[in-house]
Amino acid sequence: MNFVKRAALSLVARRAKTALLLGIFLVICTLLLGGFLLQGATSRQEAEAQRRIGVDVTVRGDRLTLATAAALGSSPLVERYNPLLRGAAKPSGLTPLTSDVPKPDDAKPDDAKPDDATDDPGHNGLMLNGIRDSEMLLDFASGRSRIVAGRALTEKDAGRRVVLLERRLADKNELKAGDTVGLRSSDGRRTETFEIIGLYEDPRPDPSQWVAPSELIANQVYAPAPAVSALGFGTKPSTAVFKIGSPERAERLHAEAARVLGGDGFRFDVNDKAFRDQVLPLRRVGAFAGSLLWLIALSGAVILGLIVLLTIKERRDELGMLLALGEKKWKLIAQHTVEVTALLLPALAVAALGAQSFAEEAGETLLAREEHTASLPEVRMEAADLGRVAGIGLGISLVATVVPGVGILRLHPRSILTDTE
């Protein structure tokens, strides 16, 4: 009789043993598939976190200019960059907000009329911030500030005269996205017309003590850095922020900054806290899933191997009879391998139904233990995951049957059939 047919008959005849092996395989496949799904989900989430959050590197220095910032920003290590060129601008036909707190007697004189000039640039009404990408600003990246009308400021606006206004400033002056405003340099000698491309909202309250109008949150105006420079605020930004993919790139970017800026006369600060808060918990979960896969594979092979070994001892009479009839020993080993392997497919099919729920619950449990809880990764089953589990399951079947089956090679039909025990 063909050993494959004998394996099928044996599975039917030994229903209890078959159910036990099927249950063990089901647990193994479910845990393996759940581990692969969790590992894949954390990998995708980590890649998304690197793309979305990244690591911010802040550069300051006397040699930092818009040109050197652009040169450093063109490095393949840099994904996005944002210089910050600030200056107190005078509004033209625009009334800035003022502090609701009474001005102290020792404060410098400040006229309420927006077109009047004072010697103190801090009292010119508006703080003009020259940037490249508003979404890279900490307030916008964290979600504290958000665009409520129009759109954000992007690198494509570098050659345009456009601004972002705070909603309260726009409401006071009855302005909306698409309108134009006039801004003058701090010395009042140069005036430019800017289009309002968007309105943003910053929910932070005003300071509890009196401050100059240009220091109020509602009077912070954002415009492209070249436009701010052309208005007479120079070409030297106070800082430049560069977004890189991971902390490992920071050292290489430092060397690049030394080459572009010349020597060590600059300050180079790496802020990877947000990156670590999001990515490290995911990496821990991924490492746990990887360790779980190894543990399950080894444990499954040992457990199934022991069961097969006990089965071989219980079936010595059957094996002796087959050997006496001339059956080859390798076919007896193959029969046990087929019996175990045949249970892999139904176990894998059932495991595919429950592994995703297991991976999601495990991910929630593991991430809940982290100090900085990351969002639950998206668990998505793919054909490659099923293929890997099937491959590992087949390997476990072979190890669990071939290794104990070595004992069959030492069997002799005469000694088995004449054994009185």
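- By the side chain to side chain contact (heavy atoms under 4.5 Å, CB included) test, Thr18 is found to be paired with Leu11, Leu343, residues two or more places apart in sequence or in another chain being considered.
- In this view, Ser145 and Asp202 satisfy the side-chain hydrogen bond (donor to acceptor under 3.5 Å, both in side chains) rule, not counting sequence neighbours.
- Within 6.0 Å of CD in Glu135 there are more than 12 heavy atoms belonging to other residues, nucleotides or ligands.
- Asp171 meets the side-chain hydrogen bond (donor to acceptor under 3.5 Å, both in side chains) test with Arg167; sequence neighbours excluded.
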field: Pair Phe140-Ile147, side chain to side chain contact (heavy atoms under 4.5 Å, CB included): steps then yes or no
entry: CA-CA 8 Å; Phe140 286 91; Ile147 301 295; 3.9 Å; yes
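- For the pair Asn173 (side chain) and Thr95 (backbone), a donor-acceptor distance under 3.5 Å is present.
- In Lys17, the NZ atom is crowded: over 12 heavy atoms of neighbouring residues, nucleotides or ligands sit closer than 6.0 Å.
- Residues Leu295 and Leu31 have side chains not in contact (no heavy-atom distance under 4.5 Å, counting atoms from C-beta outward).
- Taking the side-chain hydrogen bond (donor to acceptor under 3.5 Å, both in side chains) definition, one finds that Glu195 meets it with Arg160, sequence neighbours left out.
- Taking the side chain to side chain contact (heavy atoms under 4.5 Å, CB included) definition, one finds that Ala177 meets it with nothing, sequence neighbours left out.
- Few gaps surround CD on Glu248; more than 12 heavy atoms of other groups in view lie less than 6.0 Å from it.
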message: Does Leu175 form a side chain to side chain contact (heavy atoms under 4.5 Å, CB included) with Leu165? I'd like the steps, not just the answer.
response: CA-CA 9 Å; Leu175 296 171; Leu165 294 187; 4.0 Å; yes
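- Residues Leu183 and Glu192 are not in side-chain contact: their nearest non-hydrogen atoms beyond the backbone lie 4.5 Å or more apart.
- Side-chain contact between Arg168 and Ile217 is present, with heavy atoms from C-beta onward closer than 4.5 Å.
- Using a 4.5 Å heavy-atom cutoff, the side chains of Pro224 and Ile131 are not in contact.
- Panel note: side chain Asn219, backbone Leu216; no donor-acceptor pair is recorded below 3.5 Å.
- Between Leu126 and Ser214 the shortest side-chain heavy-atom distance does not fall below 4.5 Å.
- Between Arg151 and the choices Leu199, Val162, Asp157, the side chain to side chain contact (heavy atoms under 4.5 Å, CB included) rule is met once, by Asp157.
- Between atom CG of residue Leu293 and atom CG of residue Leu33 there is a gap of 10.0 Å, rounded to the nearest 0.5 Å.
- In this view, Arg267 and Asp269 satisfy the salt bridge (Lys or Arg N to Asp or Glu O under 4.0 Å) rule, not counting sequence neighbours.
- For Arg189, the CZ atom counts as loosely surrounded, since its 6.0 Å shell holds 12 or fewer non-hydrogen atoms of other residues, nucleotides or ligands.
- Separation of atoms CD1 (Ile28) and CD1 (Ile392) is listed at 11.0 Å; rounding is to 0.5 Å.
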message: With side chain to side chain contact (heavy atoms under 4.5 Å, CB included) as the criterion, how do Asp139 and Arg204 come out once you've worked through the C-alpha distance, each side chain's angles and the decisive distance to 0.1 Å?
response: CA-CA 10 Å; Asp139 290 340; Arg204 288 178 296 175; 3.0 Å; yes
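- Atom CD1 of Ile197 and atom CG of Asp179 lie 13.5 Å apart (nearest 0.5 Å).
- Val181 has its side chain within reach of Ile196: a pair of non-hydrogen atoms, C-beta onward, lies under 4.5 Å apart.
- Scored by the ring pair (Phe, Tyr, Trp, His ring centres under 6.0 Å) test, Phe194 finds no partners at all (sequence neighbours excluded).
- Rounding to the nearest 0.5 Å places CZ of Arg144 at 6.0 Å from CG of Leu138.
- Remark: Tyr222 pairs with Tyr200 by the ring pair (Phe, Tyr, Trp, His ring centres under 6.0 Å) rule, at least two apart or across chains.
- More than 12 heavy atoms of other residues, nucleotides or ligands sit less than 6.0 Å from atom NZ of Lys172.
- With values rounded to the nearest 0.5 angstrom, Arg80 atom CZ is found 4.0 Å from Asp133 atom CG.
- Formation of a donor-acceptor pair under 3.5 Å by the Ser238 side chain with backbone atoms of Leu84 is found in this model.
- By the side chain to side chain contact (heavy atoms under 4.5 Å, CB included) test, Leu77 pairs with Ser75, Arg249, Arg252, Leu253, sequence neighbours left out.
- Here the side chain of Asp56 pairs no donor or acceptor atom with the backbone of Lys243 at under 3.5 angstrom.
- Judged by distance alone, with hydrogens and angles left aside, the side-chain atoms of Arg259 form no donor-acceptor pair with the main-chain N or O of His254 at under 3.5 Å.
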Residues 63-72, side-chain donor-acceptor partners within the protein, below 3.5 Å, at least two apart:
residue	atom	partner	partner atom	Å
Arg63	NH1	Leu261	O	3.3
Arg63	NH1	Gly262	O	2.9
Thr65	OG1	Ala67	N	3.4
Thr65	OG1	Thr68	N	3.1
Thr65	OG1	Thr68	OG1	3.2
Thr68	OG1	Arg63	O	3.4
Thr68	OG1	Thr65	N	2.7
Thr68	OG1	Thr65	O	3.0

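- For Ser229 (side chain) and Ala225 (main-chain N/O), no donor-acceptor pair under 3.5 Å exists by modelled atom type.
- Considering CD1 of Ile24 and SG of Cys29, their distance stands at 12.0 Å, rounded to 0.5 Å.
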- request: Test side chain to side chain contact (heavy atoms under 4.5 Å, CB included) on Ile244 and Val57 and set out the steps.
  value: CA-CA 8 Å; Ile244 58 179; Val57 173; 3.8 Å; yes
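- A side-chain donor from one of Asn129 and Arg86 sits under 3.5 Å from a side-chain acceptor of the other.
- Contact annotation: the side chain of Leu137 approaches that of Asn82 to within less than 4.5 Å [non-hydrogen atoms, C-beta and beyond].
- When the ring pair (Phe, Tyr, Trp, His ring centres under 6.0 Å) test is applied to Tyr81, the partners found at least two apart in sequence or on another chain are Phe242.
- Between the side chain of Ser134 and the backbone N or O of Leu153, at least one donor-acceptor pair lies under 3.5 Å.
- A ring pair (Phe, Tyr, Trp, His ring centres under 6.0 Å) check over residues 147-174, counting only residues at least two apart or in different chains, returns nothing.
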